[in-house]
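Right, one structure below, let's go through it.
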Amino acid sequence: MKKKALCVLLAAAMVSTFTAGCGSSGSGKEEAKGDSKSGKVKIQFMHQQVEQERQDVVQAIIDDFEKANENIEVESIPVNEDDYDSKIVALGGSGELPAIIEYSQDQAKTSVSNQFTNLDAVKEVIDQKGEDSFYEGALDVTKTEDGSGYVGVPICSWVQGIWVNTAMLQEKGLELPENWDDILEVAAAFNDQANKKYGIALPTSESAFTEQVFSQYALSNDANVFDKDKNVTVNTPEMKEAVEFYKELASYSMPGSTEVADVKDAFVGKNTPMAMYSTYILNAVKEAGFAEDLALVLPNKKEPVSYGCITVLGIADGMEDAETDAAKKFVSFLLEKENNINWLNMAPGGIQPVLKEVSDDAAYTDMEERKAFAGLNDDIAAAVDSLQLFGTVDGKNFTEMGDVTNTGAISKMINNVVVQNADIDKELETAQEAVEKLIK
C-alpha cells in the first residue's frame, strides 16, 4: 500500500492519552539533509515539549549532543499537542517526516502501520542499549504486531493504578489492599454517599479513561479483547467476572457518569481513600499536603496489572544512511543515564523512568521536586514492569485495538452496565459483535 493512501489511517487510529509542541512549517527531510559546505548532517527532532522551560531542557540536551558529535546538527521542532497528529499525517503522507519523532505508544503503532518508521534502526538502538536495560512492561507494549521488533525506542512513561491515602486507612485500622476482595473491603468501609464520602473514585463515562481503568481489572483476571490469534474475546466468563466486579466497585464510587476531573477532585479533596489515576496526580497530592501518606497498589486477581503509556522515539523511514545513523546516535544519546534523567526532570512526578538504572540514581531520586515521592519509586517501577494493555497478547500488539478504543465499544459497555443498569450478558454480547464487525 502507498504511504499516501495509508496516512488516512493515522488520524483514525490515534488514541487519546494523558501525555502532554509552537508549530513549525518546516517539512523535514529537505531541510534535514547534509550541508555539503559544512560537512554536517542535519536532522530534525519533532516533539511535544512546547512549554519554554521544557524547550530549554530539550535544547540543552541537543547542545550537549552536538558538542560530542560535531558533524551532526539537530533542529528542535516543538509542535502543540492539538496539532501533533495532523502534523504526522501531513509530513508522513508526503514522505517528509523529521528524522526523529516523539510518539505515544499508540501513535507509534499507527505510524508503523503506515510504514513511516524504520523498524531496523529502532531495533538497533534498543539492542545496543540492551533489552535488559528496560523494564519488561515498557518493551512488551511497544512491540510490533508480530512481536519481532519495536514501534519505537522507549524514553519515558506514565503509569496508572490505585492511589491510596494510607493515613485514612490507618484511621479505620485497615491495611493496604492486595487483591480484588481487599479493595472491596476498603471501599465498603469508607462508603457514605449521603455525606459525599466514597470508598473509591473511578471513571464510568463513555471515555478512553474508563476503558483504561477497567482494562486493569479485566487483564488481572486474564480477560483481554483479543487472543493470540486475534480472535475477539470480549464475551468470555473472565470478562464477565471483571465487569461484575467493576459494577460492584463502582457502587462505592461517585454516582453518574464520572470522568477524569471527578476522580482527581474526589481523591485530592480526601472524599475517598482510593482513586484510579495516573502518576500525573502526584503533584496535586503534594500540593494538597499528603504526599507522605500516598501509596500505589495495582488491581490484582490472578496477577497485578498496571495501565500506562510509554513515550517512544521513532526514527523515520526512507532517509539517507547518514541521516539514519545520525538519528540513531541522537536517540541512543537520550538513553544515556544522565541525559535520560534530564529528560525526565522536565516533569517531575508525571513522567517516569523506563530504564532500570535511572530509578535508583541520586540525580533522579534526589531532585527537590521529586523528594516527596521518593518512597514511591519502587512501587512505580513495579507498575512500569507490570504494564499491560488490551490488545497486547503473548508479545504481539494488535493495532486494531486503537480502532476499538475509538469506537468506545468497551467504555460504552461499562457505562451501560454501571450507570444505566443494563443487562451484563446482553452488553457483553453487543460489545463482542461490535468489535468483531470492526475487525472484519
Side-chain angles (χ1 to χ4, degrees), residues 10 13-21 43-49 58 61 77 79 81 84-85 87-88 92 97-131 133-145 147-159 278-279 307-317 324 327-336 339-340 343-344 346-347 350-356 358 384-385 387-389 391-392 395-399 401-402:
L10 187 61
M14 292 295 184
V15 180
S16 61
T17 63
F18 295 155
T19 55
I43 58 175
Q44 292 180 320
F45 173 31
M46 190 170 84
H47 55 83
Q48 298 183 68
Q49 310 307 321
V58 173
I61 293 172
I77 307 292
V79 178
E81 182 182 10
Y84 208 71
D85 291 351
K87 194 81 169 178
I88 296 171
L97 274 175
I100 304 158
I101 309 97
E102 177 190 5
Y103 290 121
S104 71
Q105 63 207 13
D106 297 304
Q107 290 170 328
K109 291 171 185 176
T110 307
S111 285
V112 167
S113 296
N114 289 336
Q115 302 172 24
F116 293 166
T117 303
N118 185 330
L119 294 176
D120 290 337
V122 166
K123 185 70 162 54
E124 286 175 26
V125 172
I126 292 175
D127 286 346
Q128 182 182 25
K129 183 67 178 179
E131 290 181 333
S133 299
F134 298 85
Y135 288 113
E136 184 177 355
L139 290 182
D140 283 348
V141 301
T142 54
K143 286 184 177 178
T144 52
E145 181 158 336
S148 65
Y150 299 95
V151 297
V153 178
I155 189 73
C156 63
S157 66
W158 60 257
V159 288
S278 76
T279 44
Y307 176 88
C309 181
I310 305 300
T311 297
V312 302
L313 298 182
I315 297 174
D317 197 20
T324 300
K328 289 190 294 185
K329 285 183 179 180
F330 183 70
V331 176
S332 295
F333 186 78
L334 273 167
L335 291 180
E336 293 179 12
N339 304 320
N340 192 256
W343 178 273
L344 292 168
M346 288 190 295
I351 57 177
Q352 303 293 330
V354 292
L355 295 170
K356 297 174 184 176
V358 168
V384 178
D385 218 24
L387 202 158
Q388 294 187 40
L389 304 173
T392 298
K396 301 176 181 179
N397 280 292
F398 298 126
T399 57
M401 191 60 221

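Computed from a predicted structure; not experimentally measured.
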Q: Supply the atom-to-atom distance Leu139 CG to Leu387 CG, rounded to the nearest 0.5 angstrom.
A: 11.0 Å
Q: Output all residues satisfying side chain to side chain donor-acceptor pair (under 3.5 Å) with Gln388, sequence neighbours left out; order by chain, then residue number.
A: Glu303
Q | Contacts of type ring-ring contact (aromatic ring centres under 6.0 Å, His included), residue Phe330, not counting sequence neighbours | A | Phe45, Phe65
Q: Would you mind reporting whether Leu344 and Val358 have side-chain heavy atoms less than 4.5 Å apart?
A: yes
Q: Quick one: list whatever passes side chain to side chain donor-acceptor pair (under 3.5 Å) with Thr324, sequence neighbours left out.
A: none
Q.
Checking the side chain of Gln105 only, and the main-chain atoms of Ile310 only, is there a donor and an acceptor separated by less than 3.5 Å?
A. yes
(Q) Closer than 3.5 angstrom, by distance alone: can the side chain of Asn114 be matched with the main-chain N or O of Phe116 as a donor-acceptor pair? (A) no
Q. What orientation do His47 and Trp343 show, parallel under 30°, tilted 30 to 60°, or perpendicular over 60°?
A. perpendicular
**Q.** Sequence-distant partners of Lys328, salt bridge (charged side-chain N to carboxylate O under 4.0 Å, His left out), two or more places apart
**A.** Glu124, Asp325
Q: Return yes if some donor-acceptor pair links the side-chain N/O of Thr399 with the main-chain N/O of Thr110 below 3.5 Å, else return no.
A: no
Q) Any side-chain donor paired with an acceptor under 3.5 Å for Gln115 and Asp317? A) no
Q) NZ/Lys129 to CG/Leu334 distance, rounded to the nearest 0.5 angstrom? A) 11.0 Å
(Q) So which atom in Ser157 and which in Val384 form the shortest heavy-atom distance, rounded to 0.1 Å? (A) OG-CG2, 3.7 Å
Q: Side-chain contact test, heavy atoms from C-beta onward, threshold under 4.5 Å: evaluate it for Tyr307 versus Leu389 and give yes or no.
A: yes
Q. Looking only at heavy atoms, what is the nearest atom pair of Asn118 and Ala316, with distance?
A. CB-O, 3.8 Å
Q | Worked verdict on Thr144 versus Lys396 for side chain to side chain contact (heavy atoms under 4.5 Å, CB included) | A | CA-CA 6 Å; Thr144 52; Lys396 301 176 181 179; over 6 Å; no
Q. Quick one: does Leu313's side chain get under 4.5 Å of Ile101's, heavy atoms only?
A. no
Q: Kindly write out the residues that satisfy salt bridge (charged side-chain N to carboxylate O under 4.0 Å, His left out) with Lys356, not counting sequence neighbours, or none if the list is empty.
A: none
(Q) Determine whether a donor-acceptor pair (N or O, by modelled atom type, separation under 3.5 Å) exists between the side chain of Ser113 and the backbone of Lys109. (A) yes
Q) Does any N or O in the side chain of Glu102 come within less than 3.5 Å of the main-chain N or O of Gln48, such that one atom is a donor and the other an acceptor? A) yes
**Q.** Non-hydrogen atoms of Ser111 and Ile88 that approach each other most closely
**A.** OG-CG2, 3.9 Å
Q) Per the side chain to side chain contact (heavy atoms under 4.5 Å, CB included) rule, which among Ser104, Ser278, Cys156 passes with Cys309? A) Ser104
Q) How far apart are the closest heavy atoms of Val151 and Thr117, and which atoms are they? A) O-CG2, 3.9 Å
Q: Answer whether the closest heavy-atom distance between the side chains of Glu136 and Phe134 falls below 4.5 Å.
A: no
Q) What's the spacing between Lys87 NZ and Ile77 CD1 if we round to 0.5 Å? A) 8.0 Å
Q. So, for Ile61 and Phe333, which heavy atoms are closest and what is the spacing to 0.1 Å?
A. O-CE2, 3.5 Å
Q: Please report the closest heavy-atom contact between Lys123 and Gly149, naming both atoms and the distance.
A: CD-CA, 4.4 Å
Q) Is there a donor-acceptor pair under 3.5 Å between the side chain of Asn340 and the backbone N or O of Leu335? A) no
**Q.** Counterpart residues, side chain to side chain contact (heavy atoms under 4.5 Å, CB included), relative to Lys143 (two or more places apart)
**A.** Asp140, Tyr150, Asn397
Q.
Working to the nearest 0.5 angstrom, can you tell me the gap between Ile315 CD1 and Leu97 CG?
A. 12.5 Å
